[in-house]
Amino acid sequence: MFPVTQRLALIVLVFVLAVVPSRPLSAQEVDGVTLVKASLIASTTTVVPGQPFDVGVLMEMAPDWHTYWENSGDAGLPTTIKWQLPEGWQAGPIQWPLPESKVEPGEINTYGYAGRVLLVTTITPPTEARGEVLLRAKVAWLVCKELCIPGSKEVELRLPVGKVVAPDHTEVFQEFQSQLPSVSPPPYRLEWGRTGDLLELQITGLPATARTQFFPLPTENQTVGHPISLAPDRIQIKVQGDLRGVLSVEDAATSQSWFVQSKDVVPAALPVPNTGLWLALLYGFIGGLILNLMPCVLPVISLKIFGFIKQSGDEPRKILAHGIAFVVGIFTWFLGLGLLIVALKAGGSEVTWAFQFQNAWFNVVIGSVVFVFALNLFGVFEVVLPGKAAQAIDTASSSTGLGGSFFQGVFATLLATPCTAPFLGTALGFAFSQSAFVIMGMFAAIAAGMGSPYLLLSAKPGWLRYFPKPGAWMERLKHFMAFPLLATLVWILSILGAQRGAEGIVWFAGFLLCLAFACWLYGAYVGPLTRPLVRWTAIALALAVAAGGGYFFLGKQFSQIGIVNSEGIAWVPFSQAALDAEQAAGRSVFLDFTADWCITCKFNERTAIDTPAVRTLFAERGVVPMKADWTNANPEITATLKSFGRVGVPFYVIYSPGIAPVVLPELLTEGILLEALKKIP
Amino acid sequence: MKTAFALLFALSTLAFAQVENGKPAPNFTLTDCAGKTHSLTDFKGKTVVLEWVNHECPFVEKHYSGGNMQALQKAATEKGAIWLSVASSAPGKPGAMSPADAQAKCTAVGSKATAYLFDSDGKVGKLYGARVTPELYIINPEGLLVYQGAIDDKKSTDAADIAGAKNYVQAALDEVLANKPVSIAKTEAYGCSVKYAK
């Protein structure tokens with residue numbers, strides 16, 4: 001036994017341990033509310049050995065409490081994640097979504113997250129991973145309202161290792177990954193200047209309505225002042241030396257951000273991750289291979305091979321030489337095409353070409369091209385090389401010898417254009433957004449894919465018998481190939497939706513409808529057998545439909561999205577409380593019940609409500625413009641609509657002190673609205 | 001409109017003064033727990049340390065729980081320096097205490113500061129540009145500001161980090177007391193925001 005004094009000490013120790021509570025690190029509770037709920041989730045159901053995947057720490061903060069960004073600002077502390085992974089597993093850095101900037105009394109500026117945030121980390125498993133994996137991490141944070149409380153939690157996640165993967169938690173990953181600053185340069189010109197301590201950033205090429213914000217990422221011990229926005233395109237920061245940070249640009253419908261550094265005046269080329277490049281090259285090769293199955297290519301293959309055999313008098317080496325010459329011809333054609341793209345790209349400035357997918361108009365063009373090509377594959381219309389051109393090409397390549405085979409290779413590709421154009425055109429479009437190196441690589445991969453059957457068959461002509469026989473299935477395959485193109489279109493629409501909202505998609509789809517009609521006109525009435533009068537009328541009509549659709553849907557509507565609105569009325573979002581408050585203050589309110597999917601609403605807003613005359617009258621009469629946005633279900637708005645006996649939008653009411661609410665007609669005109677506003681006492 | 005906002009913002013940041021190293025530290029007069037007033041000018045000819053404090057802040061807690069801050073205070077005051085803990089928490093906000101409670105707290109933690117001063121309206125905090133707790137300023141015997149910033153280089157709330165941290169205030173104090181120029185005179189303070197009223 002212990003001596004008495006030691007026993008006493010032990011008792012005291014046990015007592016102290018029992019009474020003094022350990023610091024409430026893991027279960028942070030204030031008034032019964034857990035301040036931060038942290039959990040670990042993965043973007044996949046299964047881990048594939050050697051294949052990196054994303055996991056994220058999902059942090060849900062209690063209302064009014066916030067945690068911090070990687071630069072917490074004047075106060076606070078960034079959240080940290082310490083990984084405890086099995087041997088051979090690697091975790092990347094935290095990928096921080098764009099934070100919110102918060103200014104506390106005393107001009108204390110902090111950067112952090114309220115509500116919830118997903119801190120994504122890429123995990124790379126070893127190639128020999130098997131069975132099941134336990135991912136563990138210690139997440140530590142500081143959560144503040146006015147009080148700050150440090151917290152931490154051990155989070156863990158078990159995942160099976162296997163081959164069949166399905167994405168998981170896609171919605172939340174997408175939500176926060178879309179808020180990650182981009183590592184590619186922004187599509188604007190950034191000019192950095194310095195006067196003494198002050199670093200100034202000048203941005204050119206911003207949309208007129210854009211709001212900008214700069215989030216500094218100082219190096220350790222670099223002190224940085226608060227970024228000051230002198231104007232949306234001019235930001236000033238007091239700092240010594242070069243500064244890294246995140247520039248965010250918010251437009252009516254979109255919010256994007258980029259990592260920027262004060263010394264990079266000219267944006268560098270788009271970095272292409274290596275794995276992405278190899279995958280792209282593989283797809284290029286497969287794409288080229290598929291080109292051979294197109295109706296206008298497949299029958300030609302065996303003819304060509306037989307031609308080689310005939311010319312070479314059955315001598316295997318000669319056959320192979322012809323095959324090689326032919327394939328070199330294919331390569332020449334594709335690499336030539338690639339060079340053309342590179343030259344075109346170099347012609348436009350780097351800034352405008354490298355970021356087309358961030359440019360809504362580029363997406364409109366590519367989307368239209370993809371759609372027309374899909375119609376072409378479905379057989380709605382066909383592109384036929386003019387007979388004379390085809391003949392000329394044929395004669396040029398009919399010379400015998402290796403040179404002949406080379407030219408045949410060049411022209412076979414050209415002659416196959418009616419079938420291959422949809423794919424090549426699409427590939428070309430995407431190629432525009434890549435570096436010269438990637439473009440040439442892609443085209444070489446396509447050429448290799450398309451040329452490989454010729455090479456194989458000229459080496460082993462006997463294998464011709466294993467070759468798929470031409471037949472009706474080719475036509476079906478062609479039709480089928482339209483679906484991947486339509487899927488591409490869906491993807492482009494999703495980008496466009498993020499850029500210009502639901503309205504953008506609707507107007508663009510309107511234009512696509514016109515294009516479809518024009519293509520159908522062309523396909524139905526333009527062919528070698530139609531009379532010239534019918535043919536030219538059809539062409540003229542098709543062009544008129546396409547041009548008219550372009551003028552109205554794109555020129556008039558699409559291009560106007562967000563522009564009129566944000567310059568114009570400063571809408572107050574509707575809530576019954578806000579409405580009551582305005583009325584209590586004795587102000588008149590114009591209440592607009594609207595929704596993004598309601599075309600009439602948008603039309604009214606553009607033509608009747610957000611006009612200079614109405615804006616002036618709103619200001620003169622002190623009318624508060626209030627918007628009840630019903631785009632997503634909102635019970636409060638539904639209830640208010642019901643109180644007027646309405647079940648839908650548009651709906652317009654003017655509330656004035658002392659009189660009953662005035663209901664305006666659904667088909668609103670500027671005149672009606674002005675008249676009603678003038679009647680306000 | 002946007003330009004007007006930007007100008008307003010720029011002006012408001014100008015109004016929020018920041019003191020500069022090598023310049024005279026602005027004078028102030030504040031009361032301590034006993035109701036006694038202290039002015040910076042009272043301590044002419046002495047080295048003065050200003051420590052922005054808030055005992056509800058985990059960063060402050062980090063340095064008091066293990067005795068780190070008290071040791072600094074003891075080392076400074078034993079060598080004749082003045083140590084003023086300044087609380088700029090507005091009434092009702094975290095860290096705001098009655099003089100009696102503050103006195104009790106100082107005794108409980110074993111503070112070795114010369115005085116605990118109340119800056120409830122935040123005027124002195126804003127005058128010095130104090131943004132966080134703890135944030136420290138050192139004024140040399142000539143009344144010039146020679147250090148402003150963090151206590152050390154380990155931005156955390158974990159007291160275990162103190163052992164491996166480089167203590168900027170200790171280093172600067174040693175240099176000032178030895179009549180040498182301060183080698184690291186400005187650092188980025190870390191901590192909780194000072195709980196100003198407005």
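First the proteins, then the strands, lettered A, B, ... as listed; each starts at 1.
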Between Ala150(B) and chain A, which part of the residue has a heavy atom less than 4.5 Å away: side chain, backbone, both or neither?
-> neither
How close do Ala75(A) and Cys192(B) get, heavy atom to heavy atom, and via which atoms?
-> CB-C, 3.7 Å
Taking atom NZ of Lys126(B) and atom CD1 of Ile108(A), what is their separation to the nearest 0.5 Å?
-> 8.5 Å
More than 12 heavy atoms from other groups under 6.0 Å of NZ on Lys74(B) = no
Check Leu77(A) against Ser156(B) and note the closest heavy-atom contact, atom names and distance.
-> CD2-CA, 3.8 Å
Name the region of Ala189(B), side chain, backbone, both or neither, that has any atom closer than 4.5 Å to a heavy atom of chain A.
-> backbone
Is it true that a side-chain atom of Arg131(B) and a backbone atom of Asn109(A) form a donor plus acceptor pair closer than 3.5 Å?
-> no
What is the distance from atom CG of Leu147(A) to atom CG of Asn54(B), rounded to the nearest 0.5 Å?
-> 8.0 Å
Looking at Val132(B) and Asp74(A), what are the two nearest heavy atoms and their distance?
-> CG1-O, 2.6 Å
Cys57(B) and Cys148(A), any side-chain heavy atoms less than 4.5 Å apart | no
Without swapping roles, check the side chain of Lys195(B) against the backbone of Glu146(A) for a donor-acceptor pair under 3.5 Å.
-> yes
Taking all non-hydrogen atoms of both residues, which atom of Gly106(A) and which atom of Tyr196(B) are closest, and how far apart?
-> CA-CD1, 3.6 Å
Taking everything shown except Lys145(A) itself, do over 12 heavy atoms lie less than 6.0 Å from its NZ?
-> no
Where on Leu142(A) is there a heavy atom nearer than 4.5 Å to chain B: the side chain, the backbone, both, or neither?
-> side chain
Check whether Glu104(A) gets within reach of chain B through its side chain, its backbone, both or neither, counting any heavy atom under 4.5 Å.
-> side chain
